[in-house]
Amino acid sequence: MDKNHLSIPMRLAAYRKLMNLNQTQMGERLGVTQSHYSKQESGLKGVSYRNLKCFEEHGGDVFFLITGEHLAEGRLEPYIETLDGGYEKEKMYEILVWAADIWKECLWKGAMTERTGKCIRLLRGYSDEMTVWENIRKAEDYSQEEMARIFDINIKRYRKIEKGETMPDAEILQTLYEKMQYSPLLVMDQKRFYLDELNRVWAALPAEWRQETEAFVRQAEKLVRMSENRRQGRDTGQENRE
């Protein structure tokens, strides 16, 4: 990994100053001492996955820390957050991603970024039987050796990351974003990843198309709820028969 790449340390410092925190307070948010944090902010120490999760749990903006961008908040949140179960949310995400694909092909290609296109392709072929890193590698048609070269790490370390035996640090997630065009949220919070990309497409659409699409999304929400109710009814009926 490029040890001269200081964008993450610079963002740590910028975020700390924005929040009016001293180094001790910022270190607490990353789960480290002031001395350790000082080295992270100066680029002498890396930011681990554990640090990122701790930072996130304290309300820190991990997406900004890794990418320098802010999450795309938008009109789609209510249609996701009001759904009850995991099944409903999963189906709604699939519908929204499908709608984004329609936007790309039929409406306004300028609204679709390379990252969003990758998101759609990844979701289409995603296998829950594989880790997220295996799914990414499959989507890109890369070997483990090629992936290791992209991240500038040895093959042994990459294989441990792919298997989930070792978690990626902030620099690896930054490389995933900058060189492969995959959001770090794909590793840290997959649902947030899809919603962020979809909100970016939504914001880029002309106003009249957003109105028409929102009507479609409202109808899709009803269909998802109906599907869940029927699914639960079948499950209940099966349990009664047993």
Side-chain angles (χ1 to χ4, degrees), residues 1-73 115 118-119 131-137 140 142 144 146-197 199-200:
M1 202 67 62
D2 183 6
K3 300 304 181 183
N4 293 319
H5 200 174
L6 296 177
S7 54
I8 291 176
M10 289 173 62
R11 289 182 201 128
L12 277 174
Y15 189 90
R16 178 175 64 80
K17 293 172 182 176
L18 178 66
M19 300 301 293
N20 195 29
L21 301 172
N22 59 39
Q23 289 193 341
T24 298
Q25 293 169 322
M26 189 67 172
E28 289 173 353
R29 282 161 172 73
L30 275 81
V32 299
T33 64
Q34 181 277 329
S35 176
H36 189 99
Y37 172 76
S38 178
K39 292 176 182 177
Q40 289 178 319
E41 190 172 293
S42 63
L44 298 176
K45 289 276 189 181
V47 178
S48 70
Y49 188 84
R50 184 186 67 81
N51 296 154
L52 293 175
K53 293 303 290 184
C54 188
F55 187 58
E56 186 177 55
E57 289 168 3
H58 282 84
D61 189 347
V62 172
F63 189 76
F64 170 76
L65 185 62
I66 300 297
T67 70
E69 299 181 21
H70 294 287
L71 286 172
E73 303 290 339
R115 278 169 42 197
K118 282 175 174 279
C119 158
T131 68
V132 61
W133 295 96
E134 289 175 312
N135 276 286
I136 290 172
R137 184 163 62 82
E140 297 295 322
Y142 285 157
Q144 290 184 331
E146 289 172 316
M147 292 288 282
R149 283 196 293 273
I150 289 171
F151 294 107
D152 193 22
I153 57 178
N154 62 56
I155 186 64
K156 184 177 180 179
R157 185 183 177 195
Y158 174 75
R159 285 172 176 161
K160 286 185 176 181
I161 291 173
E162 184 172 280
K163 291 178 182 178
E165 296 174 356
T166 298
M167 299 309 293
D169 60 21
E171 288 191 50
I172 287 177
L173 292 176
Q174 184 180 38
T175 301
L176 178 70
Y177 179 78
E178 293 184 348
K179 290 188 177 181
M180 298 190 71
Q181 293 293 298
Y182 287 107
S183 168
L185 295 174
L186 180 58
V187 177
M188 301 193 71
D189 184 351
Q190 290 188 34
K191 297 303 184 183
R192 183 73 251 180
F193 163 65
Y194 292 122
L195 192 54
D196 172 66
E197 297 297 343
N199 275 327
R200 294 180 190 279

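- Every residue was checked against the side-chain contact (heavy atoms from CB on, under 4.5 Å) condition with Lys17, not counting sequence neighbours, and none meets it.
- For Phe55, the ring-ring contact (aromatic ring centres under 6.0 Å, His included) test picks out Tyr15, with sequence neighbours left out.
- Looking at Glu41, its side chain never comes within 3.5 Å of a backbone N or O of Pro9 through a donor-acceptor pair.
- Residue Gln34 holds its CD atom at 10.5 Å from CD of Glu28, rounded to the nearest 0.5 Å.
- The nearest pair of heavy atoms linking Leu173 to Trp133 is CD2-CZ2, 4.5 Å.
- Residues Asp169 and Arg157 are paired through a salt bridge, judged by an N-O separation under 4.0 Å between the basic side chain and the carboxylate.
- With respect to Arg159 and Glu162, no salt bridge is recorded, no charged nitrogen being found less than 4.0 Å from a carboxylate O.
- Put simply, the residue from Glu146, Gln144, Arg149 that forms a side chain to side chain contact (heavy atoms under 4.5 Å, CB included) with Tyr158 is Gln144.
- Taken from CZ in Arg29 to CE in Met19, the straight-line distance is 6.5 Å, to the nearest 0.5 Å.
- Within 6.0 Å of atom NZ in Lys45, 12 or fewer heavy atoms from other residues, nucleotides or ligands are found, so the atom counts as exposed in its surroundings.
- Scanning for side-chain contact (heavy atoms from CB on, under 4.5 Å) contacts around Ser48 gives Arg50, Asn51, with sequence neighbours left out.
- Rounding to the nearest 0.5 Å places CG of Leu30 at 7.0 Å from OH of Tyr37.
- Leu52 contributes atom CG, which lies 10.0 Å from atom CE of Met167 (distance to the nearest 0.5 angstrom).
- Residues His70 and Phe64 share a closest heavy-atom pair of CE1-CD1, 3.8 Å.
- Closest non-hydrogen pair, Ile150 versus Thr175, comes out as O-CG2, 3.6 Å.
- Closest of all the heavy-atom pairs between Ile172 and Phe151 is O-CE2, 3.5 Å.
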